[in-house]
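Got a structure for you, written out below as structure tokens; questions coming shortly.
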Number of protein chains: 2
Amino acid sequence: MTRVLVVDDDPQLLRALKINLAARGYTVLTAPDGTRALHAAAHEHPDVIVLDLGLPDLDGADVITGLRGWSTTPIIVLSARTDSSDKVEALDAGADDYVTKPFGMDELLARLRAAVRRASANPTGNEPVVHAGALDIDLATKQVTRDGVVVHLTPTEWGILELLVRHQGKLVSQRQLLTEVWGPLYQTETHYLRVYLAQLRRKLEPDASHPRHLITEPGMGYRFNP
Amino acid sequence: MTRVLVVDDDPQLLRALKINLAARGYTVLTAPDGTRALHAAAHEHPDVIVLDLGLPDLDGADVITGLRGWSTTPIIVLSARTDSSDKVEALDAGADDYVTKPFGMDELLARLRAAVRRASANPTGNEPVVHAGALDIDLATKQVTRDGVVVHLTPTEWGILELLVRHQGKLVSQRQLLTEVWGPLYQTETHYLRVYLAQLRRKLEPDASHPRHLITEPGMGYRFNP
DNA sequence: TCAAACCGTTAAGAAGGCGTCAAGATCGGT
DNA sequence: ACCGATCTTGACGCCTTCTTAACGGTTTGA
């Protein structure tokens with residue numbers, strides 16, 4: 001049974017969605033504002049989230065980034081605003097789709113099916129703990145230990161390490177690192193990478209000047225070797 | 001570099017998309033109809049496909065199902081029809097997103113980023129490892145091993161090898177190598193090819209002066225023999 | 001046979017990328 | 001408003017990679 005979290009402050013729309021979704025066999029959870037949406041997402045683990053922008057308490061993009069900090073659940077944004085910059089903002093914050101009101105119920109349902117299909121095609125799997133030499137990297141709790149001692153990482157450092165570890169063994173291009181950690185506007189700031197890779201090596205590598213795990217491929221990108 | 005396949009029969013729109021995408025650092029491939037779109041997708045392995053409905057030869061939904069038979073590459077559908085049933089049909093056929101014309105370029109770009117982000121977050125993982133004698137060439141990790149030992153390649157060396165291996169057995173013209181690796185302005189610099197093919201042979205071939213895998217076809221181009 | 005075009009090989013200079021350190025600038029919490 | 005943590009920015013030396021040049025071998029066609 002697919003579980004949908006619907007976030008909207010309009011009780012009427014909420015009710016309409018609830019009826020339609022329930023009729024199609026979805027289990028429906030609801031939240032009237034951003035705070036309770038984040039709370040519900042964390043505790044109920046829905047399969048997909050339908051999120052209305054223009055909530056009373058939080059900015060829409062903040063809700064999305066708040067979710068994306070720890071979850072990859074598909075997010076479909078609803079909004080009355082047809083303005084193109086709103087769409088760009090929401091999508092770049094991590095939304096999967098953007099539907100402008102008024103919308104046809106069957107279109108929303110189709111987009112919902114598409115989102116769920118994608119997500120279930122690539123099962124997220126249990127976030128494993130990756131071992132590499134003296135390092136243990138726990139993707140779920142976002143914690144790194146070295147010889148059993150917890151190593152503190154800044155958000156940016158973690159973002160880089162997580163991306164590399166999630167693609168372990170693979171070459172990750174500089175462009176991809178920059179767009180996924182800093183955003184699509186930072187694609188040319190390759191200098192950031194040099195600074196942060198040096199920091200990561202100092203914290204994680206046995207010998208920072210002869211890295212065994214965080215490997216540079218000159219001109220191409222970086223690679224995490226287990 | 002993210003590779004986008006744009007499928008549209010309107011040369012004007014095609015040109016506009018090409019310019020905008022190229023300016024954002026995408027590599028743009030194009031196809032004017034459904035048949036050539038399927039062919040291009042099979043041979044060029046784009047990272048994402050932008051598909052206009054209403055093509056001259058095939059029905060849009062058929063193109064989508066044709067692709068979904070063997071590929072999970074994200075598909076973004078463009079269409080002039082706002083009719084809800086068209087959207088449902090396309091999305092249920094396997095499309096990832098549906099944008100109605102006229103559309104804002106930045107919205108399309110944002111949806112493109114969202115699609116690529118999703119796809120790269122869940123690695124498809126069916127990039128094959130090509131074996132050739134003592135060589136193992138891993139297209140996914142961009143790593144080459146010879147007798148089990150990792151061989152380091154420069155970006156240019158890898159670009160040439162990847163192109164040849166992706167067309168293994170087939171002849172790749174000098175012009176194609178130069179345009180894809182160096183860019184369209186270098187089509188006459190055939191000397192580069194000689195220098196780099198020599199380097200590749202020295203690194204990869206058992207006997208560099210009697211190559212078994214990296215074969216020269218004089219006056220035409222090069223060929224990779226497994 | 002000779003000349004011209006093409007290819008392979010090597011090496012060296014030029015250009016740009018990389019690692020490193022450290023000093024502002026910014027952000028977040030108290 | 002302050003303070004500590006974190007993120008940006010700049011400077012500099014080193015090293016990889018790209019480009020270019022020079023030379024010899026091989027094939028092709030007159």
Side-chain angles (χ1 to χ4, degrees), chain A residues 59 62 65-66 69 142 144 150-162 164 171-175 177-183 185-223, chain B residues 1 142 144 150-162 164 171-175 177-183 185-223:
Chain A
D59 183 53
D62 293 339
T65 47
K142 295 183 190 292
V144 183
V150 176
V151 181
H152 174 75
L153 297 185
T154 73
T156 309
E157 287 166 0
W158 172 258
I160 294 168
L161 183 66
E162 180 177 16
L164 290 175
L171 175 65
V172 182
S173 70
Q174 314 183 98
R175 164 173 261 123
L177 277 162
L178 288 165
T179 52
E180 302 229 359
V181 177
W182 277 270
L185 301 174
Y186 292 74
Q187 291 189 91
T188 58
E189 303 285 346
T190 59
H191 185 51
Y192 290 5
L193 291 177
R194 288 194 275 283
V195 174
Y196 275 91
L197 262 294
Q199 281 178 19
L200 276 172
R201 285 181 182 133
R202 209 176 316 138
K203 289 185 177 182
L204 303 179
E205 292 278 1
D207 178 1
S209 53
H210 298 92
R212 298 183 54 235
H213 305 299
L214 297 165
I215 310 297
T216 302
E217 300 281 352
M220 306 212 275
Y222 294 87
R223 179 197 308 278
Chain B
M1 183 89 72
K142 296 187 194 293
V144 183
V150 176
V151 181
H152 176 76
L153 297 186
T154 73
T156 310
E157 287 165 1
W158 173 259
I160 294 168
L161 183 66
E162 182 176 16
L164 291 175
L171 174 69
V172 182
S173 71
Q174 312 184 92
R175 162 173 265 123
L177 276 162
L178 287 165
T179 52
E180 302 231 358
V181 177
W182 277 270
L185 301 173
Y186 292 74
Q187 291 190 29
T188 58
E189 304 284 346
T190 59
H191 184 54
Y192 289 6
L193 291 177
R194 288 194 274 284
V195 174
Y196 275 92
L197 262 294
Q199 280 180 22
L200 275 173
R201 286 179 182 136
R202 204 180 322 143
K203 289 185 176 181
L204 303 179
E205 292 278 2
D207 179 1
S209 54
H210 299 90
R212 298 183 52 235
H213 305 299
L214 297 164
I215 310 298
T216 302
E217 300 281 352
M220 315 265 294
Y222 295 85
R223 177 197 311 279

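Throughout, protein chains are lettered first and strands after them, A, B, ... in sequence-line order, and every chain is numbered starting at 1.
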Exercise. Select base, sugar-phosphate, or nothing to describe what A:H152 touches, counting heavy atoms under 4.0 Å on all strands.
Key: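 Since only primed, P, OP1 and OP2 atoms lie under 4.0 Å of A:H152, the category is sugar-phosphate.
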Quiz item: How would you label the contact of B:S209 with the nucleic acid (heavy atoms, under 4.0 Å): base, sugar-phosphate, or nothing?
Solution: sugar-phosphate
Practice problem: Considering just the side-chain nitrogens and oxygens of B:Y196, establish if one lies under 4.0 Å of OP1 or OP2 belonging to D:dC18. | Solution: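 B:Y196 to D:dC18 OP1/OP2: side-chain N or O found under 4.0 Å.
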Self-check item: Contact summary for A:P211 and A:I215, nearest pair of heavy atoms
Solution: O-CD1, 3.6 Å
Exercise. Using only side-chain N and O atoms of B:R194, determine if any of them is under 4.0 Å from OP1 or OP2 of C:dT9.
Key: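 Negative; the distance criterion is not met.
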Quiz item: How many Å lie between CD on B:Q199 and C1' on C:dG8, as a whole number?
Solution: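 Interatomic distance, CD of B:Q199 to C1' of C:dG8: 12 Å.
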Practice problem: Send over the distance from A:R175 CZ to C:dG17 C1', rounded to a whole Å. | Solution: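 To the nearest whole Å, that distance equals 16 Å.
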Quiz item: OP1, OP2 of D:dC7 versus side-chain N and O of A:W182: anything below 4.0 Å?
Solution: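 Looking at the OP1 and OP2 atoms of D:dC7, neither is under 4.0 Å from any side-chain N or O of A:W182.
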Quiz item: Can you tell me if B:E205 uses its side chain to pair, donor with acceptor, with the backbone of B:H213 under 3.5 Å?
Solution: yes
Exercise. Rounded off to whole Å, could you give me the CG-to-P distance for the A:L193 and C:dG17 pair?
Key: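 A:L193 atom CG is separated from C:dG17 atom P by 13 Å.
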Quiz item: Can you tell me how far P of C:dC18 sits from CD of A:E217, to the nearest Å?
Solution: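 After rounding, the gap between these two atoms is 11 Å.
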Quiz item: What do you reckon, is CZ of B:R223 surrounded by more than 12 foreign heavy atoms closer than 6.0 Å?
Solution: yes
Exercise. Mind checking B:Q174 for me? I need base, sugar-phosphate or nothing, with any heavy atom below 4.0 Å counting as a touch.
Key: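 The residue B:Q174 makes sugar-phosphate contact but no base contact.
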Practice problem: Write down the distance between CG (A:L197) and C1' (C:dC18), rounded to a whole number of angstrom. | Solution: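 Distance, rounded to whole Å: 10 Å.
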Quiz item: How about A:R175: does its CZ atom have over 12 heavy atoms from other parts shown lying under 6.0 Å from it?
Solution: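 Yes, enclosed.
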Exercise. Could you work out which one of C:dC18, D:dT6, D:dT20 sits closest to the side chain of B:H191?
Key: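 So the side chain of B:H191 is nearest to D:dT20.
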Quiz item: At under 4.0 Å between heavy atoms, what does A:Y186 touch on the DNA or RNA strands: base, sugar-phosphate, or nothing?
Solution: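 Touches nothing.
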Quiz item: Tell me: CD of A:E205 to P of C:dG19, nearest whole Å?
Solution: 12 Å
Quiz item: Closer to the 5' end of DNA chain C via nearest nucleotide, is it B:G219 or A:A208?
Solution: B:G219
Practice problem: Find the distance A:Y192:OH to C:dC21:P and express it as a whole number of Å. | Solution: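 Taking OH of A:Y192 and P of C:dC21, I get 20 Å after rounding.
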Practice problem: Using a 4.0 Å heavy-atom cut-off across all strands, classify B:T156 as base, sugar-phosphate, or nothing. | Solution: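 Sugar-phosphate: the residue B:T156, judged by heavy atoms under 4.0 Å, touches backbone atoms but no base.
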Quiz prompt | Nearest to side-chain heavy atoms of A:P155, which nucleotide of C:dA11, D:dC7, C:dC18 | solution = D:dC7
Quiz item: So, is B:T154 near the phosphate of D:dC18, with a side-chain N or O under 4.0 Å from OP1 or OP2?
Solution: yes
Practice problem: Considering non-hydrogen atoms only, spot the tightest contact between A:Q174 and A:G219 and give its length. | Solution: NE2-O, 4.2 Å
Exercise. Report the distance from atom CZ of B:R202 to atom C1' of C:dA11, rounded to the nearest whole Å.
Key: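 So the CZ-C1' distance, B:R202 to C:dA11, works out to 10 Å.
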